[in-house]
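The structure under discussion appears below in the form of structure tokens.
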Amino acid sequence: MAQQYPEWIWQNGEIKPWKEATAHVMSHALHYGSSVFEGIRSYVTPEGAAIFRLTDHLKRLYHSAKIYDMVLPYSQDELATACREVIRKNGFNAAYLRPVAYRGLGGFGLSAETPIDVAVASWPMGPYLGPEALEVGITACVSSWQRFAPNTIPAGAKAGGNYLSGQLIAREARRLGFGEGIALAANGLLSEGAGENLFLVFDGVLHTTPASASILSGITRDTLRVLAREDGIEVIERDIPREYLYLADEILMCGTAAEITPIREVDGKQIGSGKAGRVTRRLQELYFGLFNGKTQDKWGWLEPV
């Protein structure tokens with residue numbers, strides 16, 4: 001089936017038809033990966049459509065741009081308005097948002113000065129890793145591709161070029177018949193998934209890898225840490241050896257797209273009972289409860305469309 005695209009998109013200050021949002025083939029970003037972006041979701045809530053942690057996502061977008069010396073020509077408030085406009089214009093409630101800023105057509109060298117173009121797209125999105133993934137979990141493998149070493153490419157920036165690594169990891173996993181790939185850091189310790197952060201559960205305690213493990217410190221990851229501690233679940237951030245994947249009682253991947261996806265098997269080895277465990281189920285209840293009203297939003301994370 002051909003991809004169905006939405007009707008409208010925001011680009012460089014205005015809403016326009018999707019097909020008119022174009023970039024030149026010699027744009028800097030196309031050749032050098034010089035873009036920064038965010039993935040954000042809006043949900044249907046009892047109070048209407050709401051964008052989850054919009055302010056935090058846009059703050060990270062500007063942080064990523066700063067790392068790459070990109071001065072965005074719009075304020076954070078202007079981009080927040082653009083996110084709301086493109087959802088409303090397309091008639092969406094539950095949707096995925098993609099703000100992206102990139103170096104456009106200008107000079108041709110690596111350090112060339114170019115315009116910074118900005119767009120915000122929105123489209124409907126279901127479970128990223130498949131319709132049954134949230135319930136039954138996925139299989140995963142440890143990839144032969146490692147994450148980049150510290151002081152090579154900044155993992156803390158959500159930059160387009162970083163996702164070449166994720167593509168290698170994800171495509172290798174699919175080729176081998178797994179649902180997703182897991183990467184090790186340059187030191188051989190656990191890093192993250194192709195595009196998701198990881199949590200391992202041991203004796204009811206959540207363990208997650210640190211920022212120094214070449215991860216993107218995800219906003220969903222932060223959300224789960226807050227919700228878990230609020231619920232009395234201990235969270236430990238620490239270095240984790242690869243073999244601990246096989247010994248964990250539960251493993252879950254998380255991210256804006258993946259939401260909270262259990263992992264039932266790694267490298268052919270069953271994890272725990274082979275299905276989502278008690279802690280994973282509780283985190284799913286707390287997380288999705290933010291959107292159905294069962295979890296109180298004490299933090300102002302739900303921002304109305």
Pairs flagged by salt bridge (Lys or Arg N to Asp or Glu O under 4.0 Å) wherever residues 191-205 is involved - sequence neighbours left out: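 Non-adjacent pairs meeting salt bridge (Lys or Arg N to Asp or Glu O under 4.0 Å): Arg147-Glu192.
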
Residue pairs, two or more places apart or on separate chains, that pass salt bridge (Lys or Arg N to Asp or Glu O under 4.0 Å) and touch residues 204-217: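 Of all non-adjacent pairs touching residues 204-217, none passes salt bridge (Lys or Arg N to Asp or Glu O under 4.0 Å).
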
Hydrophobic cluster identity match, Leu198 and Val205, side-chain contacts under 4.5 Å: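 Leu198 and Val205: separate clusters.
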
Under the salt bridge (Lys or Arg N to Asp or Glu O under 4.0 Å) test, residues paired with Glu230 that sit two or more places apart: Lys298

Which residues share a salt bridge (Lys or Arg N to Asp or Glu O under 4.0 Å) with Lys269, sequence neighbours left out: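 For Lys269 there are no salt bridge (Lys or Arg N to Asp or Glu O under 4.0 Å) partners, ignoring immediate neighbours.
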
Could you tell me whether [X] atom [atom1] has more than 12 heavy atoms of other residues or ligands within 6.0 Å of it?
X      : atom1 : result
Arg171 : CZ    : no
Tyr244 : OH    : no
Glu113 : CD    : no
Lys16  : NZ    : yes
Trp8   : CH2   : yes

Residues His28 and Ser34: side-chain donor-acceptor under 3.5 angstrom: yes

Residue pair Arg225 / Thr208, side-chain donor-acceptor N/O under 3.5 Å: no

side-chain contact (heavy atoms from CB on, under 4.5 Å) assessment of Ile263 paired with Ile182: CA-CA 11 Å; Ile263 297 177; Ile182 295 172; 4.3 Å; yes

Ion pair Glu303/Arg53, N-O distance below 4.0 Å: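 No, no charged N to carboxylate O under 4.0 Å.
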
Arg60/Glu38 ion pair, N-O < 4.0 Å: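 Result for this pair is yes, salt bridge flagged.
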
Answer yes or no: is there a donor N or O on one side and an acceptor on the other, between the side chain of [X] and the main chain of [Y], under 3.5 Å?
X      : Y      : result
Ser27  : Leu30  : no
Tyr74  : Gly13  : yes
Asn197 : Ile215 : no
Ser42  : Asn93  : yes
Glu250 : Arg278 : yes
Asn187 : Leu189 : yes
Ser143 : Gly181 : no

Trp123 vs Arg98 side-chain heavy atoms within contact, under 4.5 Å: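 They are in side-chain contact.
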
Side chains of Val305 and Phe92 in contact at under 4.5 Å (non-hydrogen atoms):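 Side-chain contact under 4.5 Å: no.
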
Residues which pass side-chain contact (heavy atoms from CB on, under 4.5 Å) with Ala94, listed by chain and number, not counting sequence neighbours: Val44

Of the non-hydrogen atoms in [X] and [Y], which two are nearest, and what is the gap between them?
X      : Y      : answer
Phe148 : Ser165 : CE2-CB, 4.0 Å
Ile138 : Met253 : CD1-SD, 4.1 Å
Ile116 : Ala101 : CG2-CB, 4.3 Å
Arg103 : Tyr68  : NH2-O, 2.8 Å
Gln11  : Glu20  : OE1-O, 4.1 Å
Thr139 : Phe178 : OG1-CA, 3.5 Å

Criterion salt bridge (Lys or Arg N to Asp or Glu O under 4.0 Å) on Glu234 and Arg229, from CA distance to verdict: CA-CA 6 Å; Glu234 185 179 359; Arg229 286 167 174 155; over 6 Å; no

Give, for atom [atom1] of [X] and atom [atom2] of [Y], the distance between the pair rounded to the nearest 0.5 Å.
X      : Y      : atom1 : atom2 : answer
Lys158 : Ser64  : NZ    : OG    : 8.5 Å
Leu134 : Tyr287 : CG    : OH    : 10.0 Å
Thr280 : Leu252 : OG1   : CG    : 4.5 Å
Leu302 : Leu54  : CG    : CG    : 11.5 Å

Side-chain donor-acceptor contacts of residues 79-86 below 3.5 Å, not counting sequence neighbours, with atom names and distances?
from: Thr81; atom 1: OG1; to: Asp77; atom 2: O; distance (Å): 3.1
from: Arg84; atom 1: NE; to: Pro304; atom 2: O; distance (Å): 2.7
from: Arg84; atom 1: NH2; to: Pro304; atom 2: O; distance (Å): 3.4

Verdict with supporting geometry, Phe288 and Lys294, side-chain contact (heavy atoms from CB on, under 4.5 Å): CA-CA 8 Å; Phe288 291 109; Lys294 293 183 179 179; over 6 Å; no

Derivation of the salt bridge (Lys or Arg N to Asp or Glu O under 4.0 Å) call for Arg281 and Glu135: CA-CA 9 Å; Arg281 291 291 189 208; Glu135 180 67 25; 3.3 Å; yes

